[in-house]
Amino acid sequence: MLMSLQNSLEIAGFNVLSASDGAVAMKKLEGGAKPDLIITDINMPNMGGIEFIGKARGLPGFRFIPILALTTESQQAKRDEAKKLGATGWLLKPVGGADLSKIIRQVLPGA
Amino acid sequence: MTVAKLDEAIDSLSIDSVGAMLDTHLQLDEAIDTRLQAVMADTESSAAAIIQQMRQLYDAARNLVQILSGTSVKSEGMGADILASMSGLVEIGAFIEKLPTTMKRDLESVKQVADEITTLSELVGEIQTISLQSHMLAINAAIQASHAGSSGAAFQVVAKEMHALASNTKDVATRINKGLTRARHVVEHGIATSITDSSSRLDVVSHASKSIEKLRDSLGYMSEHYQARIATVTRHNEALARDIAEVLGQIQYQDVVRQAIERIRTAITARNDFLQGAVEAAINRDAHFGTLPAQLEMIFSDFVTEEDHHRHSALVAVEGGSEPRIELF
């Protein structure tokens with residue numbers, strides 16, 4: 001999944017910094033990584049996407065960085081929870097390269 | 001089998017035999033689980049291989065686009081250079097085309113020179129006449145001087161000098177005439193040769209400009225042709241790159257399948273735990289034995305609910321789903 005997404009984004013011309021789960025991603029953000037956009041899965045080992053969204057939003061300087069959830073999970077309650085914690089959008093897998101680029105450009109004008 | 005025989009068979013089942021059946025059941029599930037894990041690993045590794053190969057394909061397509069783009073830029077530059085050179089050639093062609101007229105004019109000038117030489121030859125004839133007349137005068141002067149005797153001696157000298165002058169004039173006029181004759185022959189021969197040699201070439205020269213223009217048009221057409229071909233190939237490669245990106249998106253289904261298998265494995269594990277607990281409750285005559293149906297119902301319900309939460313990830317659209325696939329908050 002990670003490999004597929006990374007390649008799709010790189011092909012679309014984006015520089016990609018990847019992490020295997022929420023905990024690894026948090027370490028990278030706390031270590032100084034400052035992406036323009038975050039795309040996270042929801043069902044992940046160690047730290048799931050919902051928890052990651054909440055923690056990432058709590059970091060200084062991450063209040064307005066778009067966070068998209070890309071998941072197989074369609075449960076409305078989880079969507080609502082993610083939205084409440086600061087997610088920017090909810091994408092159900094699979095999302096094609098063109099759709100993904102379109103959405104990214106919607107939430108990141110000028111990208 | 002009759003109902004009575006069935007009851008008899010059920011009564012004959014001991015806890016040990018039920019336990020043995022459960023063991024076999026668990027072994028079966030373990031084998032199924034092992035296979036499911038292998039399927040997950042296979043789909044994951046094949047998806048990774050597909051992604052790598054698609055990426056290589058994309059990189060190749062992108063490199064081709066870059067090469068074609070560079071070629072296009074170079075050919076545009078070459079086309080501009082060729083067109084600039086062609087403009088120069090067209091000017092040369094126009095110059096060459098005017099050459100027959102120029103040469104004709106130059107020949108006319110040379111002919112005028114020949115005419116002038118002829119006129120000069122006529123003047124040489126007049127000089128020779130003057131020389132003859134001077135010679136006659138010198139003879140007459142010499143006769144008159146001899147008639148005058150000693151008083152005419154000085155005049156005799158003048159008569160001799162006149163005679164010498166007339167002779168010299170005649171010699172010079174003869175040499176000039178010969179020179180003019182040779183010059184006239186050279187000029188007339190040159191004119192004749194020039195006309196003979198150039199008459200056939202002038203026809204070719206007169207088409208030089210048209211040939212160059214045709215060449216320019218052909219080069220222009222060829223340049224446009226290749227530009228169009230390059231643009232077409234570039235367009236197809238860009239479409240190929242877009243398709244590759246879409247294929248990479250579709251490979252996300254491997255993750256969908258993996259998660260579905262994980263949910264199935266979770267449900268199987270819960271059911272097996274339940275069965276194990278049920279047997280133990282039966283052996284121990286557990287007071288909560290009566291809640292077992294509800295527990296199993298809950299395992300079933302959890303599985304169905306969880307699957308319902310993922311029904312949008314099905315490859316074929318599922319009815320009843322109202323949640324959007326993409327939602328921006």
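First the proteins, then the strands, lettered A, B, ... as listed; each starts at 1.
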Nearest 0.5 Å, please: how far is OG in A/Ser4 from CD1 in B/Ile50? 10.5 Å

Interatomic distance, CZ@B/Phe329 vs NZ@A/Lys84, rounded to 0.5 Å, equals 13.5 Å

Heavy-atom check, side chain of A/Met3 versus side chain of B/Gln52, under 4.5 Å: yes

What residues of residues 16-51 of chain A sit under 4.5 Å from chain B when you count only heavy atoms? A/Asp41, A/Asn43

Take B/Glu306 and A/Glu73 through the test side chain to side chain contact (heavy atoms under 4.5 Å, CB included) and record every step on the way to the result. CA-CA 9 Å; B/Glu306 191 64 19; A/Glu73 187 74 58; 4.1 Å; yes

With a 4.5 Å cut-off on heavy-atom pairs, point out which of A/Asn7, A/Ile103, A/Ile11, A/Leu100 contacts chain B the most. A/Ile11

Hey, are A/Lys83 and B/Glu327 close enough for a salt bridge, meaning a charged N less than 4.0 Å from a carboxylate O? no

The reported gap from OG in A/Ser8 to CD1 in B/Ile244 (rounded to nearest 0.5 angstrom) is 11.0 Å

Answer whether the closest heavy-atom distance between the side chains of B/Leu328 and A/Gln106 falls below 4.5 Å. yes

Cut-off 4.5 Å, heavy atoms of chain B, and the answer for A/Ala87 is both

Atom OG in A/Ser74, atom CG in B/Asp308: separation rounded to 0.5 Å? 7.0 Å

Student check: side-chain heavy atoms of A/Lys93 and B/Gln259 closer than 4.5 Å: yes

Show which side-chain atoms of residues 295-303 of chain B pair as donor or acceptor with protein atoms under 3.5 Å away, not counting sequence neighbours.
| residue | atom | partner | partner atom | Å |
| --- | --- | --- | --- | --- |
| B/Gln295 | NE2 | B/Thr291 | OG1 | 3.1 |

Need one label for B/Ala47: side chain, backbone, both or neither, based on atoms under 4.5 Å from any heavy atom in chain A. neither

Which of the residues A/Leu68, A/Val107, A/Leu91 is involved in the greatest number of heavy-atom pairs with chain B at under 4.5 angstrom? A/Leu91

What part of A/Leu70 gets within 4.5 angstrom of chain B, counting heavy atoms only: side chain, backbone, both, or neither? side chain

Contact origin within A/Thr88 toward chain B - heavy atom pairs under 4.5 Å: backbone

Can you tell me which of A/Pro66, A/Gly89, A/Ser101 forms the most heavy-atom pairs within a distance under 4.5 Å of chain B? A/Gly89

Take atom CD of B/Glu262 as the centre, draw a 6.0 Å sphere, and report whether it contains more than 12 heavy atoms from other residues, nucleotides or ligands. yes

